[in-house]
Amino acid sequence: RWMAAGSAPSLCTKWIPARTPIPTSSPRRRPATSTRSIHNVKPECLDAYNSLTEEVLPKLHSDADYPCDLVGNWNTWYGEQDQAVHLWRFSGGYPALMDCMNKLKQNKEYLDFRKERSRMLLSRRNQLLLEFSFWNEPLPRQGPNIYELRTYKLKPGTMIEWGNNWARAIKYRQENQEAVGGFFSQIGELYVVHHLWAYKDLQSREETRNAAWRKRGWDENVYYTVPLIRTMESRIMIPLKISPLQ
């Protein structure tokens, strides 16, 4: 039986039995709410966009009146070019998100920032995310690192099954501290999962991913989760100077 791998297929010569599901009515999640924003920037404006972002966003991150925290800020290296990815976290959940949004409407500096930024953009989109509770918490880390954002669009109705399998499997991806955070969409395009990984470089990424296949049990996770996926995408990203994830 052939199994789809993260990079290349491998031959499975053993019978993998059916699993007993972990009883749950919804994906296990943390109370924090996150937003992921993707900005497609005019190619000639990327440096100016980065400079403007690095000037303004840290002020919101450090201001105690705004209940939000920067998780990470990146430019895409491999994937869509001239793109910025921003991840914010609201530890107070939806009330904190609404509080922050209402305050930003009255913040002249931020409104001026958005107006100036709009001249540099081709398009932008965002997504409201929740965190899987069994994943690592996305805490600041020192660099230099590259980051991989793997996005899985699942078949409707399969999110709980996905979470049950990854709750068992995340232990196989901790050896090099590569697991940063796992998220699933709540508003925006639904049944979308994001896994965020950190590696020293592309060679380290390859070695770490290959090592997972030598661990008993990882192949079962792939076997059970690949049929749940409609499409998948990988971005390799470089952190901006202000990113807490370096």
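Throughout, numbering of the chain's residues begins at 1 and tracks the sequence.
For the pair Y78/R235, no side-chain contact is recorded, criterion being any heavy-atom separation below 4.5 Å from C-beta on. Contact check for T53 versus H86: side-chain heavy atoms found under the 4.5 Å cut-off. Counting only heavy atoms from C-beta outward, the side chains of N73 and P244 approach each other to under 4.5 Å. Inter-residue side-chain proximity for H194 and F132 is flagged as unmet; no heavy-atom pair is nearer than 4.5 Å. Two residues are said to be in side-chain contact when any heavy atoms from C-beta on lie closer than 4.5 Å; L240 and N75 meet this criterion. Side-chain contact between N40 and E80: present, with at least one pair of heavy atoms (C-beta onward) separated by less than 4.5 Å. Contact of the L60 side chain with the W88 side chain is registered, since non-hydrogen atoms from C-beta on lie closer than 4.5 Å.
Not counting sequence neighbours, the partners of N126 by the side-chain contact (heavy atoms from CB on, under 4.5 Å) test are S37. Annotation: salt bridge (charged side-chain N to carboxylate O under 4.0 Å, His left out) contacts of K155 (sequence neighbours excluded): none. Residues satisfying the salt bridge (charged side-chain N to carboxylate O under 4.0 Å, His left out) test with K153, not counting sequence neighbours, are E189.
Test R119, H39, R117 against Y49 for side chain to side chain donor-acceptor pair (under 3.5 Å) and you get one pass: H39.
For the pair W135 and G181, the tightest heavy-atom approach, listed with the atom from each and the gap, is CE3-C, 3.1 Å.
A salt bridge is defined here as a Lys NZ or Arg NE, NH1 or NH2 lying under 4.0 Å from an Asp or Glu carboxylate O, and R205 with D201 fails to meet this definition.
For W162 and Y152, the distance between ring centers is under 6.0 angstrom.
Within 6.0 Å of CD on E233 lie more than 12 heavy atoms contributed by other residues, nucleotides or ligands. In K215, the NZ atom is crowded: over 12 heavy atoms of neighbouring residues, nucleotides or ligands sit closer than 6.0 Å. Other residues, nucleotides and ligands contribute more than 12 heavy atoms inside 6.0 Å of the CD atom of E44. Around the CD atom of Q81, the shell of radius 6.0 Å holds more than 12 heavy atoms that belong to other residues, nucleotides or ligands.
With a 6.0 Å cutoff to the six-membered ring centre and a 45° limit on the axis angle, R173 counts as a cation-pi contact of W218.
Between the CZ atom of F90 and the CG atom of L97 there is a distance of 5.0 Å, given to the nearest 0.5 Å. Between the CD atom in E131 and the CD atom in Q186 there is a gap of 13.0 Å [rounded to 0.5 Å].
Membership of an apolar cluster is not assigned to L122, as no side-chain contact below 4.5 Å to another ILVMFWY residue is traced. The other residues sharing a hydrophobic cluster with L149 are I38, V71, W74, V85, L87, L129, Y147, V180, F183, L196, M237, L245, where clustering joins ILVMFWY side chains under 4.5 Å apart.
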With side-chain contact (heavy atoms from CB on, under 4.5 Å) as the criterion, how do Y172 and N221 come out once you've worked through the C-alpha distance, each side chain's angles and the decisive distance to 0.1 Å? CA-CA 10 Å; Y172 301 118; N221 177 58; 5.7 Å; no
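Listed by first and then second residue, the salt bridge (charged side-chain N to carboxylate O under 4.0 Å, His left out) pairs that reach into residues 52-77 are K59-E109, sequence neighbours excluded.
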